[in-house]
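Each remark here refers to the structure printed beneath this line.
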Amino acid sequence: QVQLVESGGGLVQAGGSLRLSCAASGRTFSSYAMGWFRQPPGKEREFVGAVSKSGITTYYADFVKGRFTISRDNAKNTVYLQMNSLKPEDTAVYYCAADPGGRYWSRNPKNFDYWGQGTQVTVSS
């Protein structure tokens, strides 16, 4: 029932920053855990991080190493991915996803029922 639309991707130099946004439709946004995934060229989709329904708790993949931050604004039906100190290996299509079960601790994409169309992030060296 929910529609997700990512924005904020683009081309950035290594060491730079980007903030991705994911806008959700519907009245039940605050009932979903929200996750971010990415798919580098020629590779499988991988988990980046997730945030709990309330926004209080976050969970990240190890490769983030303090560089990325996920937050949400339930009043605006929006989740964010702040990416700092970007590296060329961060180049990927980034997707947001919603889990009605609220399982922010899970890295399994099968738990996420709704997906956005993705936004391209390209980091140059």
Between [atom1] of [X] and [atom2] of [Y], what distance do you get to the nearest 0.5 Å?
{"X": "D99", "Y": "K53", "atom1": "CG", "atom2": "NZ", "value": "9.5 Å"}
{"X": "K76", "Y": "S21", "atom1": "NZ", "atom2": "OG", "value": "9.5 Å"}
{"X": "R72", "Y": "T58", "atom1": "CZ", "atom2": "OG1", "value": "12.0 Å"}
{"X": "E6", "Y": "C96", "atom1": "CD", "atom2": "SG", "value": "4.0 Å"}
{"X": "T91", "Y": "K43", "atom1": "OG1", "atom2": "NZ", "value": "10.5 Å"}

Heavy-atom side-chain proximity of F112 to R103 below 4.5 angstrom: no
When you compare the side chain of T57 with that of W105, does any pair of heavy atoms fall below 4.5 Å? no
State, to 0.1 Å, how close [X] and [Y] come at their nearest heavy-atom pair, and which atoms those are.
{"X": "G116", "Y": "Y95", "answer": "O-CD2, 3.6 Å"}
{"X": "S125", "Y": "P88", "answer": "CB-CG, 3.9 Å"}
{"X": "P109", "Y": "W115", "answer": "O-CZ2, 3.6 Å"}

Given 3.5 Å as the limit, does a donor-acceptor pair link the side chain of [X] with the main chain of [Y], or not?
{"X": "T122", "Y": "L11", "result": "no"}
{"X": "D73", "Y": "T78", "result": "no"}
{"X": "S25", "Y": "Q3", "result": "yes"}

When the ring planes of F37 and F47 are compared, do they come out parallel, tilted or perpendicular, using 30° and 60° as the limits? perpendicular
Is a side-chain donor-acceptor pair under 3.5 Å present for N111 with S106? yes
Sort and list the pairs that fulfil salt bridge (Lys or Arg N to Asp or Glu O under 4.0 Å) and have at least one residue in residues 28-40, not counting sequence neighbours. R38-E46, R38-D90
Give me the other members of the hydrophobic cluster that I70 sits in, counting Ile, Leu, Val, Met, Phe, Trp and Tyr linked by side-chain heavy atoms under 4.5 Å, directly or via other members. V2, L4, V12, L18, L20, F29, Y32, M34, W36, V48, V51, Y60, F63, V64, F68, V79, L81, M83, L86, Y94, Y114, V121, V123
Tell me whether the count of non-hydrogen atoms from other residues, nucleotides or ligands lying under 6.0 Å of CD in Q120 goes above 12. yes
Between S17 and Q82, does a side-chain contact (heavy atoms from CB on, under 4.5 Å) hold up when you go through it step by step? CA-CA 8 Å; S17 298; Q82 177 68 47; 4.0 Å; yes
